[in-house]
Structure formats: C-alpha cells, structure tokens
Amino acid sequence: MPIRLIKASDNHVIARIIRQSLKAVGLDQPGTAYSDPQLDNLYEYYQGLSNAAYFVYEEDNKVLAGAGFGPVDASICELQKCYVDASYRRQGIAKLLLMHVESAAKESGYQSLYLESSSLLKEAVYFYQSIGFRRLEQALPNDQNHHLMDVWMIKEFKK
C-alpha cells in the first residue's frame, strides 16, 4: 500500500508540499499551517503526541501527499495538514489518504473528525463536503492558532 506512517526523512518533502500549496493561494502567512513551528519536523511532532498520527502517500519512492490527525478532545480529532503535491491532484490520492486517516482515527477511539480550511481553498472545501463533512458555524477550541482559517467542518464516523 502506498500509504505509510511518516518518517524523519519525509519532513522536508511534506513541509515543501504544504508551503507551496498555501503560497499558491496567498496563505503563506502566520495564522495558517505555513508558519507552524512544527512544520519542518512533523515526524518528531507526531511521535510526541498521543492518539495522533501522520501518514504520507508514496509512489515510486516519492512522497506525493500527507495527512494526519491529532486530538481535539476525547471523542473528536482534527484532520491536520492534508495536502497533495499540485502535480498529483485529481488522481484520488486525497480520498485514499483521508480514508486511511479516518480508519486510523476510528481505531484510536475517536467518533468525529474535525477540520479547519479556508474559503480560498475552494477545491478542498468542495472535496471535504463530497466525502461527508458538514460545515460548522465556528471553530472548535484548539491550540493550532490558525486564525486565518474561515471554514470549519466535521464528519461523524459511522458505527
């Protein structure tokens, strides 16, 4: 399977994919994942979190995408840093990765998956809606400090 847990050697590739994706829509600024202090060290960051994981999608030894989850509370986790390299979008990679994240989050005991996005990321918001996420009126409390994100969504897992 081309989806696996992140390794330390993936850090720079995932950071580049995330920064390029955000820069392309003008979100290369504080208040987004672009300036997260852990962005250059996601492997180490997720190693230090309990009930959390970060996965990469790899083909031919090349990392093309990544997505993870971390706790909001005991029953809700947050989809974190879900990005696909621009050259490989619209090939179903994001859907496969999200299915994997959802499965791992369910196995970790979560009942819902929350996310924060931006109205500037129109394709991403449409994608999330198409796979069962619904919009929320406001952000859930969390410590990510992504105050420029203006779209909040949640998906309850089926039992």
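The structure presented is a predicted model; accordingly, all values stated were derived computationally and were not measured.
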Next on the checklist: Checking Arg89 against Ser21: is there a side-chain donor and acceptor pair closer than 3.5 Å?
Outcome noted: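 Present: a donor and an acceptor within the cut-off.
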Checklist entry - Will you find, in the side chains of Tyr114 and Glu116, an N or O donor that is under 3.5 Å from an N or O acceptor? => result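 Yes, side-chain donor-acceptor contact under 3.5 Å.
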In the structure I gave you, are the side-chain heavy atoms of [X] and [Y] within less than 4.5 Å of one another anywhere?
X	Y	result
Leu115	Gln80	no
Ile17	Val84	no
Glu78	Phe69	no
Leu121	Val25	yes

Next on the checklist: Checking Phe127 now: which residues fulfil ring-ring contact (aromatic ring centres under 6.0 Å, His included) with it, not counting sequence neighbours?
Outcome noted: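 Here no residue qualifies.
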Checklist entry - After noting the C-alpha distance and the side-chain angles of Glu59 and Tyr88, does the key distance pass the side chain to side chain donor-acceptor pair (under 3.5 Å) rule? => result CA-CA 11 Å; Glu59 278 184 9; Tyr88 297 92; over 6 Å; no
What closest approach, in Å, do [X] and [Y] show between heavy atoms, and which atom pair accounts for it?
X	Y	result
Glu156	Ser112	CG-OG, 3.6 Å
Leu97	Gly66	CD2-C, 3.4 Å
Ser119	Val151	N-CG2, 3.6 Å
Ala8	Glu44	CB-OE2, 4.0 Å
Ala105	Cys77	CB-SG, 3.6 Å
Leu98	Cys82	CD2-SG, 3.2 Å

Item to check | Test side chain to side chain contact (heavy atoms under 4.5 Å, CB included) applied to Leu27 and Met149, step by step | outcome: CA-CA 9 Å; Leu27 290 172; Met149 299 294 98; 4.2 Å; yes
Spatial distance of atom [atom1] ([X]) from atom [atom2] ([Y]) [nearest 0.5 Å]:
X	Y	atom1	atom2	answer
Tyr83	Ile18	OH	CD1	6.5 Å
Glu58	Lys7	CD	NZ	6.0 Å
Arg4	Phe55	CZ	CZ	11.5 Å
Arg134	Gln129	CZ	CD	12.0 Å
Ser9	Tyr43	OG	OH	9.5 Å
Tyr46	Lys81	OH	NZ	5.0 Å

Next on the checklist: Are more than 12 heavy atoms, taken from residues, nucleotides or ligands other than Glu123, located less than 6.0 Å from that residue's CD atom?
Outcome noted: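 Open.
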Checklist entry - Under 30°, 30 to 60°, or over 60°: which ring-plane class applies to Phe133 and Tyr128, parallel, tilted or perpendicular? => result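 The arrangement is perpendicular - the two ring planes meet at more than 60°.
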Without swapping roles, check the side chain of [X] against the backbone of [Y] for a donor-acceptor pair under 3.5 Å.
X	Y	answer
Lys155	Ile131	yes
Tyr110	Asn51	yes
Asp85	Leu64	no
Asp36	Gln38	no
Ser118	Leu120	yes
Asp73	Ser75	yes

Next on the checklist: What I want to find out is whether Arg19 reaches Asp40 closely enough, with some N-O distance under 4.0 Å, to be called a salt bridge.
Outcome noted: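 Looking at Asp40 together with Arg19, the answer is yes, because their closest N to O distance falls below 4.0 Å.
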Checklist entry - side chain to side chain contact (heavy atoms under 4.5 Å, CB included) between Glu102 and Phe157: does it pass, once the steps are laid out? => result CA-CA 8 Å; Glu102 284 184 25; Phe157 298 140; 3.8 Å; yes
Checklist entry - Of Leu42, Leu39, Val63, which meets side-chain contact (heavy atoms from CB on, under 4.5 Å) against Asn11? => result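 For Asn11, the side-chain contact (heavy atoms from CB on, under 4.5 Å) test succeeds with only one of Leu42, Leu39, Val63, which is Leu42.
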Item to check | Derivation of the side chain to side chain contact (heavy atoms under 4.5 Å, CB included) call for Ile154 and Leu113 | outcome: CA-CA 6 Å; Ile154 198 161; Leu113 183 61; over 6 Å; no
Next on the checklist: Count I, L, V, M, F, W, Y as connected when their side-chain heavy atoms are under 4.5 Å apart, and connections chain through other members. Are Met99 and Leu79 then in the same cluster?
Outcome noted: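 Not linked; separate clusters.
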Next on the checklist: Assess the residue pair Tyr54 and Ile14 against the criterion (side chain to side chain contact (heavy atoms under 4.5 Å, CB included)); give the C-alpha distance rounded to whole Å, side-chain angles, the decisive distance to 0.1 Å, and a yes or no.
Outcome noted: CA-CA 11 Å; Tyr54 195 86; Ile14 289 297; 3.5 Å; yes
